[in-house]
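Keep in mind that this is a model prediction, so the values were computed, not measured.
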Amino acid sequence: MKKKLIITILVVALVIGLLSGGTFLYRRHQKNANPIKVYSVAMINSGGMGYDSHSINGNITVSSSQNVYIEKEQIVKEVYASEGDAVKAGDKLMLLDMTKQELDLESDKATLEEYNTDLIVLKDELDELYNVTPIADNAADYKSPAEERLEKAENAFDAASAKLSDVEATNPDEGEDYIKAGTLKDFSDNYLSDENVPKQEDYQDEASYQAVLQYRSALKDNIDTDIKTAEDNYKALKEKYDADHKTAEDAFNAAQTEVEEATKAVEEEYKNKEGKKTYTKSQLAEAIKEKESAIESKKLAIRKQEILVKQAETKVDKGTVVATMDGTITKVDLSDENIADGKPVITVSGTTGYQAILNVDEWNLVNIKIGDSVSIMNYDNGMNYEGKVIDIGLSPVDNYYQGGDVSYYPVTVSINAAAEDNIYPGQWIEATLDTSSKNMDGDGICLLLPFVKKENGNSYVMVNENGYLKKRYVKTGKTYWGYCIEIKSGLSMEDEIAFPYLKDAVEGKKCVLSENLDEIYK
């Protein structure tokens, strides 16, 4: 019966082993079957294009005049223009005191620096959360390592204290007198001495008296042996006691020292954790999520503040007002009444040319400056013109909404065209503003956003390493054109990467290089 049972068990074990091995081989085969496609970074790189642009629609107007406005609180330091003067584009018209604007700029810069500091603190706090070990779900039962050490030390101290008390209870110096040789000596020197021989008259009869004498004689004959035995017994007990007492006392002192050190460790832990919160696993995950959200919000606030700084710098740069066109000064009126009514203080009437006013969102406004080149396509006649930015408005356009919480600012561009070019006011155009000077370095790597995935606030790509996919973290920079992200480090042109969002894009998956760019867009 036993033999049959053993054979059955071996057969079952063999079957389980074969099934497990088969499952492993099947999974391995599935993982390596249909290898995932990877693409050369050099082939899909969107960086190094050397240009960036932004296209806006608008209407052509006759460039008949340039109106200069100032705010009520602005102070005019000097006026270079007089009515009737002929001016050319770039001539100085007026110098403004920009003290207030400079103070505003410094304030905006200080706020930006504060936001950047806040971001550093938030990132440090997130790093601390990543290093937190969550407590048990039942927080009442949780003990920190220092608290567990103290509890263990106190239990050991109690045990050592009890042991020491038990040993001290066996101290022969505190025991019965009969075990002490000194007691017998005192008895011999006093009771058995010749001066203490009993007297006959102290007893009722002769027999009692003789019995006492015989007992006394026997004691006297054996007293030296009894003293020696007592001395040996006491010495043995004393030696054992001293050894046991030293062992117990050493253990007691060690336990007491450990309690003191563990207590200090708990106090230090409490001091270090002062103001810090403990988390369960779910609480920690939520706290990390909230901190990551706060970081993203702060990054957005920094981006908006950078725009404010750029706008403030533009205002300071406009301290010197220049003519944006060739023409004649037809108005100079710096009266308080004229300024209060919101009317232009200087008007330049143009002699020729066309222009268009474009509404640019605040995100792209920071990449535009006066003098930037503009490519213009006329929808009405299909002709193309060249132009340049001649003015950037400082106040948002009223009643202009294109969706989202974004402000739009007026940007005036001149158009290099004449009437014979079939151009006239009201025609619908598309103006492409060149902002190449603000683009990334020409040798940089810029990947399509779907190639980069995020995990716990960090970006990574799936890289081909020796024929198999491996996760690799990279440092990213700016996002360009809404679909491309700059890779600052962690990746080279020689690397090959896969789409990380694919189901099969997992570490260890076999991969194969593809040269078909069209597959990327399928």
Side-chain angles (χ1 to χ4, degrees), residues 51-58 69-71 73-74 96 98-123 293-321 356-374 388-413 431-441 444 446 449 476-486 488:
Y51 72 89
D52 192 7
S53 62
H54 184 64
S55 297
I56 313 167
N57 294 326
Y69 299 86
I70 64 173
E71 299 176 4
E73 64 272 14
Q74 281 187 313
L96 302 175
M98 304 305 290
T99 302
K100 179 183 180 303
Q101 286 73 16
E102 290 171 351
L103 292 175
D104 290 341
L105 173 59
E106 292 304 314
S107 176
D108 287 337
K109 286 183 176 180
T111 300
L112 178 59
E113 184 176 351
E114 179 184 342
Y115 285 176
N116 282 316
T117 301
D118 291 343
L119 181 60
I120 293 174
V121 172
L122 286 171
K123 287 183 176 179
S293 176
I295 287 175
E296 292 304 316
S297 296
K298 186 58 67 174
K299 286 180 178 178
L300 179 60
I302 288 173
R303 177 61 175 157
K304 289 184 175 180
Q305 191 62 29
E306 287 174 342
I307 291 174
L308 291 178
V309 169
K310 187 69 175 180
Q311 291 172 345
E313 289 174 342
T314 301
K315 287 184 179 180
V316 171
D317 291 341
K318 286 199 170 185
T320 300
V321 181
I357 297 178
L358 311 172
N359 294 322
V360 180
D361 66 81
E362 58 187 330
W363 299 107
N364 286 286
L365 189 69
V366 295
N367 293 325
I368 298 172
K369 67 179 186 300
I370 292 177
D372 280 351
S373 298
V374 182
K388 66 178 180 179
V389 176
I390 61 174
D391 188 52
I392 300 174
L394 300 179
S395 300
V397 179
D398 292 334
N399 302 319
Y400 187 79
Y401 181 74
Q402 295 293 307
D405 185 17
V406 180
S407 295
Y408 287 80
Y409 291 79
V411 173
T412 304
V413 298
T432 301
L433 299 149
D434 180 11
T435 57
S436 57
S437 60
K438 293 84 181 174
N439 193 18
M440 57 184 289
D441 294 336
C446 196
L449 286 173
T476 58
K478 295 181 180 180
T479 299
Y480 296 96
W481 314 299
Y483 62 85
C484 176
I485 188 167
E486 179 185 6
K488 288 190 171 182

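Note: L103 CG to M98 CE = 11.0 Å, rounded to the nearest 0.5 Å. Here the OG1 atom belonging to T476 is positioned 4.0 Å from the CD1 atom belonging to I485, to the nearest 0.5 angstrom. In this structure, CD in Q305 is found 9.5 Å from CG in N116, a value given to the nearest 0.5 Å. Interatomic distance, CD1 of I120 versus CD1 of I295, reported as 11.5 Å (0.5 Å rounding).
The backbone N or O of S107 lies less than 3.5 Å from a partner atom in the side chain of T111, making a donor-acceptor pair.
Nearest heavy-atom pair across L122 and A294 is CD1-O, 3.8 Å. V411 approaches V389 most closely through the heavy-atom pair CG1-CG1, 3.8 Å. Closest heavy-atom contact between L105 and V309: CD1-O, 3.6 Å.
Sorted by first and then second residue, the pairs that involve residues 99-110 and meet salt bridge (Lys or Arg N to Asp or Glu O under 4.0 Å), not counting sequence neighbours, are K100-D104.
Residues satisfying the side-chain hydrogen bond (donor to acceptor under 3.5 Å, both in side chains) test with Q311, not counting sequence neighbours, are Y409. The side-chain contact (heavy atoms from CB on, under 4.5 Å) check on E306 picks up L112, I302, R303, with sequence neighbours excluded. By the side-chain contact (heavy atoms from CB on, under 4.5 Å) test, D391 pairs with K318, T412, sequence neighbours left out. Scanning for side-chain contact (heavy atoms from CB on, under 4.5 Å) contacts around L300 gives K304, W363, with sequence neighbours left out. Qualifying side-chain hydrogen bond (donor to acceptor under 3.5 Å, both in side chains) partners for T320, counting only residues two or more places apart in sequence or in other chains: none.
N359 is not listed as a side-chain neighbour of I56, based on a closest heavy-atom distance of 4.5 Å or more. Between T432 and V374, every side-chain heavy-atom pair lies at or beyond the 4.5 Å cut-off.
Heavy-atom neighbours of K388 NZ from other residues, nucleotides or ligands within 6.0 Å: at or below the threshold of 12.
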